[in-house]
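One-based numbering, in listed order, for ligands and for the atoms of each. Position 1 is the first residue of the sequence; numbering continues from there. Nothing here was measured: the structure is a model prediction, and the numbers come from that model.
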Amino acid sequence: MPIGIIVHGGAGRFLDNEYPQALAACRRAVETARALLQQGASALDAVEAATRVLEADPILNAGYGATINRDGEIELDALIQDGATQRFGAVAGVRRIEHPVTLSRWIMERTPHHFLIAAGAEQFAAEQGMPLIDPKSLLTDRQIRGKHADTVGAVALDLQGNIAVAVSTGGVRGKLPGRVGDSPIPGAGGYAENGTGGASATGMGEGIMRALLCFRAVELIHDHQVQSAANAAIDLFTRRFDGDGGIIMLDSNGQVGIAHNTDHMPVAWLDGDKIKSQHTQKNAESRT
Ligand code: GLY
């Protein structure tokens with residue numbers, strides 16, 4: 001079985017001087033996941049580790065440096081899903097969690113539930129020994145100042161053929177307090193199914209939820225190459241759901257699909273032994 005990993009740092013528009021940093025974070029996330037997968041770690045381990053790298057980067061809209069809501073506060077959402085069982089863990093509206101992807105995994109593996117929100121999710125985290133941080137420690141000057149891209153995500157394939165997906169986000173800037181987008185919703189913000197593939201979406205969450213974009217995209221793999229599936233999913237998202245965003249995909253052979261209708265979407269992935277990344281302007285992509 002080949003291994004596979006693909007990550008994105010969010011669809012949207014990055015400042016010219018910030019785009020290289022976003023791309024470098026994606027490449028570091030792939031490096032981290034590749035090392036784990038080569039040692040025989042699970043796809044779940046790989047997507048969690050990759051997403052933690054992305055959550056730690058202040059340029060990206062997840063974890064440290066995530067965007068703020070209307071009241072200037074951070075509210076974080078995340079998802080992890082195991083393609084072997086379709087079990088998932090998700091959190092929404094957490095404020096005192098440094099790595100929401102890890103809390104999502106703990107919910108999946110340590111509770112009979114799938115989805116915890118806000119204070120209840122934080123209470124569970126504390127009960128399990130996860131430090132609760134000061135939400136202000138996740139804020140950067142940059143986030144308070146300005147606009148940035150959306151969400152991070154990762155899809156991996158391990159040596160046993162298991163596929164997993166993880167997604168993490170601060171959501172959309174200026175959102176109403178309590179608003180939850182697509183990212184923690186399986187089938188919308190992410191989806192993984194062994195034997196078929198996995199997908200992680202980024203962009204305007206209201207449309208991605210209505211489209212159930214990642215489920216649709218993975219279903220398309222049954223009849224299409226994975227890149228065609230990604231293109232078809234974003235075409236449909238653009239035409240029928242009037243959405244801005246993008247998707248990364250990985251099939252059960254380790255092939256990747258990448259599509260977006262935004263100016264930017266930093267992506268990195270494993271191609272054989274090499275880490276590739278996408279220097280992308282819409283309609284003018286180069287891959288190295
Ligand atoms: N795609 C992230 C969100 O809309 O919250």
Side-chain angles (χ1 to χ4, degrees), residues 6-14 22 26 47 51 54-55 57 59-81 88 90-95 97 100-101 103-104 115-118 121 138 143 147-155 165-192 198-217 230 233-234 236-238 241-249 258-267:
I6 182 167
V7 311
H8 74 80
R13 173 144 199 91
F14 285 86
C26 290
V47 292
T51 304
L54 301 170
E55 286 176 335
D57 193 295
I59 290 291
L60 305 177
N61 179 9
Y64 178 52
T67 198
I68 50 178
N69 68 15
R70 185 195 63 183
D71 295 349
E73 291 180 340
I74 275 181
E75 291 178 306
L76 304 173
D77 307 333
L79 166 74
I80 193 165
Q81 185 171 35
F88 71 93
V91 292
V94 294
R95 302 182 58 235
I97 304 296
V101 70
L103 181 54
S104 299
F115 204 149
L116 296 179
I117 63 165
L138 296 175
Q143 290 312 102
K147 182 171 163 45
H148 51 85
D150 172 81
T151 307
V152 304
V155 191
V165 64
V167 186
S168 187
T169 192
V172 292
R173 185 177 171 82
K175 65 187 181 181
L176 288 176
R179 178 265 189 193
V180 179
D182 61 296
S183 300
I185 314 286
Y191 187 67
S200 169
T202 162
M204 196 30 108
E206 280 67 15
I208 297 172
M209 283 190 276
R210 288 200 298 281
L212 279 178
L213 193 63
C214 285
F215 178 72
R216 270 181 206 265
I234 291 303
L236 177 110
F237 182 52
T238 308
F241 298 92
D242 196 24
D244 290 339
I247 197 164
I248 55 168
M249 300 182 68
I258 304 164
H260 58 103
N261 62 15
T262 51
D263 286 339
H264 297 145
M265 186 173 77
V267 180

Item to complete: Would you kindly say whether D150 and T202 are connected by a side-chain donor-acceptor distance under 3.5 Å?
Response: yes
Fill in: Option whose closest heavy atom lies nearest to atom 3 (C) of ligand 1, chosen from T169, T151, I185, D182
D182
In ligand 1, which numbered atoms sit nearer than 4.0 Å to a non-hydrogen atom of [X]?
X: G203; value: 1 (N), 2 (C), 3 (C), 4 (O)
X: G181; value: 5 (O)
X: S183; value: 1 (N), 2 (C)
X: D150; value: 1 (N), 2 (C), 3 (C)

Fill in: Contact check, E206 vs ligand 1, heavy-atom distance below 4.0 Å
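Judged by the 4.0 Å heavy-atom criterion, E206 does not count as contacting ligand 1.
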Worksheet item: Can T202 be said to touch ligand 1, with heavy atoms closer than 4.0 Å?
Response: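 False for this residue.
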Fill in: Expected output: side-chain N261 to main-chain G243 donor-acceptor under 3.5 Å
yes
Discussion item. Could you identify the single nearest non-hydrogen protein atom to atom 5 (O) of ligand 1 and state the distance to 0.1 Å?
Written reply: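 Nearest neighbour among protein heavy atoms for atom 5 (O) of ligand 1, to 0.1 Å: R179 NH1, 2.6 Å.
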Discussion item. I'd like to know whether CD1 of I117 has more than 12 heavy-atom contacts from other residues, nucleotides or ligands below 6.0 angstrom.
Written reply: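 Atom CD1 in I117 is not crowded, with 12 or fewer foreign heavy atoms closer than 6.0 Å.
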Discussion item. Does M204 have more than 12 heavy atoms from other residues, nucleotides or ligands lying within 6.0 Å of its CE?
Written reply: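 Count not over threshold, so no.
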Worksheet entry | Contact (N/O only, under 3.5 Å) between G171 and ligand 1 | no
Worksheet item: Would you call the rings of Y191 and F215 parallel, tilted or perpendicular if under 30° counts as parallel and over 60° as perpendicular?
Response: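 Judged by the thresholds at 30° and 60°, the geometry between Y191 and F215 is perpendicular.
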Worksheet item: Using 4.0 Å as the upper bound for N to carboxylate O, is an ion pair formed by E206 and R179?
Response: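 Result for this pair is yes, salt bridge flagged.
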Fill in: Any side-chain heavy-atom pair of V167 and T169 under 4.5 Å
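Contact flag for V167/T169 side chains = no.
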